[in-house]
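Below is one structure, written out as structure tokens; comments come after it.
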Amino acid sequence: MKTLVRTLLAATLLSASLAQAVEVAGIDFVPHTQVDNGTLSLNGAGLRTRLTFKVYAMGLYLRSPSTSSADILQDGGEKRIRIVMIRDLDGKQFADAMLDGLKRNHDDETLAALKPSIDAPLAAVQDSGDAKAGTEVILDRLASGATRLLINGQPQGSDIADPAFYPALLRIWLGERPADSGLKASLLQPAQ
């Protein structure tokens, strides 16, 4: 019996040590999180840089690990993007960067179809004021396919019902022309 207890204790300690938070530029990304009723695991986390400046740390949470951006974009299940600002930006700068990322990865026709879904969250980000270092932006894909935006834990506006919107957002970082190719590689490298 003592051997069984020791074995179970050792297995518990080993699994706890494997499920450690990942740190990116001083920001911790927990190994698991909840979206709706689903448990998501950290797929990868990395740093967005612009020129030589650290802009934000980002983590991507999925239902199951994946190294394929195409598979992630096609998966209709729950997901989470967690962004923590490292550098002070105003809301307009962050919204403009998101819009630029959408434009880089979508043709005009697709952008026009997505416009009603794009306008509300970009306005919410812009209207949020300064995105100071430490500001947390969460973009959740819910089980319904809707997208929810939270800034520092507070929902911003209504959920966006269009199921095509979340994959469009993901293309900012995982598309053919990502905002930062090093960040894309980090997001597609499942956390250990």
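Keep in mind that what you see is a predicted model, and the values were worked out from it rather than measured. Side chains are part of it too, since the values below use all heavy atoms of this structure and drop only hydrogens, waters and symmetry mates.
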Side chain to side chain contact (heavy atoms under 4.5 Å, CB included) between T67 and N43, intermediate numbers included
CA-CA 8 Å; T67 58; N43 195 70; over 6 Å; no
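- When the side chains of ILVMFWY residues are joined at heavy-atom separations under 4.5 Å, either directly or via intervening members, Y56 and L42 end up in two distinct hydrophobic clusters.
- Under the 3.5 Å distance criterion, the side-chain polar atoms of N152 are matched with a main-chain donor or acceptor of E136.
- Side-chain contact between Y61 and V30: present, with at least one pair of heavy atoms (C-beta onward) separated by less than 4.5 Å.
- Between the side chain of N105 and the backbone N or O of G101, at least one donor-acceptor pair lies under 3.5 Å.
- Remark: M98 CE to Q93 CD distance equals 14.5 Å, nearest 0.5 Å.
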I81 vs L60, test: side chain to side chain contact (heavy atoms under 4.5 Å, CB included). Steps then yes/no.
CA-CA 5 Å; I81 296 168; L60 174 63; 4.3 Å; yes
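- L187 and L40 are members of different hydrophobic clusters when ILVMFWY side chains are connected at heavy-atom separations under 4.5 Å.
- Nearest approach of A164 to P167, heavy atoms of both residues: O-CD, 3.4 Å.
- The distance from the CG atom of D96 to the CG atom of L122 is 8.5 Å, given to the nearest 0.5 Å.
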Derivation and outcome, side chain to side chain contact (heavy atoms under 4.5 Å, CB included), residues T135 and V84:
CA-CA 6 Å; T135 298; V84 180; over 6 Å; no
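- No side-chain heavy atom of V35 sits under 4.5 Å from any side-chain heavy atom of R141.
- The local environment of CG in N37 is sparse, with at most 12 non-hydrogen atoms from other residues, nucleotides or ligands closer than 6.0 Å.
- Inter-residue side-chain proximity for I27 and R82 is flagged as met; some heavy-atom pair is nearer than 4.5 Å.
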Please report the C-alpha distance between V137 and L150 in whole Å, then the side-chain angles of each, then the deciding distance to 0.1 Å, and finally whether the side chain to side chain contact (heavy atoms under 4.5 Å, CB included) criterion is met.
CA-CA 6 Å; V137 177; L150 298 102; over 6 Å; no
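- G153 and P155 make their closest contact through O-CD, 3.7 Å (heavy atoms, listed as atom of the first residue, atom of the second, distance).
- I83 and I86 sit in two unconnected hydrophobic clusters of ILVMFWY residues. Membership requires side-chain heavy atoms under 4.5 Å apart, directly or through other members.
- Screening R80, Q34, K79 for a side chain to side chain donor-acceptor pair (under 3.5 Å) involving D140 leaves a single residue, R80.
- The backbone N or O of D159 sits nowhere less than 3.5 Å from a side-chain atom of R148 that would complete a donor-acceptor pair.
- The two residues G46 and S186 come nearest to each other via the heavy atoms CA-CB, 3.7 Å.
- S69 is listed as a side-chain neighbour of L188, based on a closest heavy-atom distance under 4.5 Å.
- Between the side chain of D36 and the backbone N or O of E78, no donor-acceptor pair lies under 3.5 Å.
- The shortest distance between side-chain heavy atoms of P31 and V22 does not fall below 4.5 Å.
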Are H32 and T39 close enough, and set up right, to give a side-chain hydrogen bond (donor to acceptor under 3.5 Å, both in side chains), and what steps lead you there?
CA-CA 7 Å; H32 304 286; T39 299; over 6 Å; no
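- Interatomic distance, I160 CD1 to L114 CG, rounded to the nearest 0.5 Å: 10.5 Å.
- Contact of the D180 side chain with the L47 side chain is not registered, since no non-hydrogen atoms from C-beta on lie closer than 4.5 Å.
- Under the 4.5 Å side-chain heavy-atom criterion for grouping Ile, Leu, Val, Met, Phe, Trp and Tyr, I138 is not connected to F29 through any hydrophobic cluster.
- With contacts defined as side-chain heavy-atom distances shorter than 4.5 Å, the pair F94/M85 qualifies.
- Separation of atoms CD (Q154) and CD1 (I151) is listed at 10.0 Å; rounding is to 0.5 Å.
- Here the CG atom belonging to D90 is positioned 9.5 Å from the NZ atom belonging to K132, to the nearest 0.5 angstrom.
- No single ILVMFWY cluster, assembled from side-chain heavy atoms under 4.5 Å apart, contains both L142 and L149.
- Looking at heavy atoms from C-beta onward, T49 lies out of side-chain contact with L183 at the 4.5 angstrom threshold.
- Note on D75 versus R63: salt bridge recorded, some NZ/NE/NH1/NH2 to OD/OE distance being below 4.0 Å.
- A distance of 15.0 Å separates OG1 in T110 from NZ in K115, rounded to the nearest 0.5 Å.
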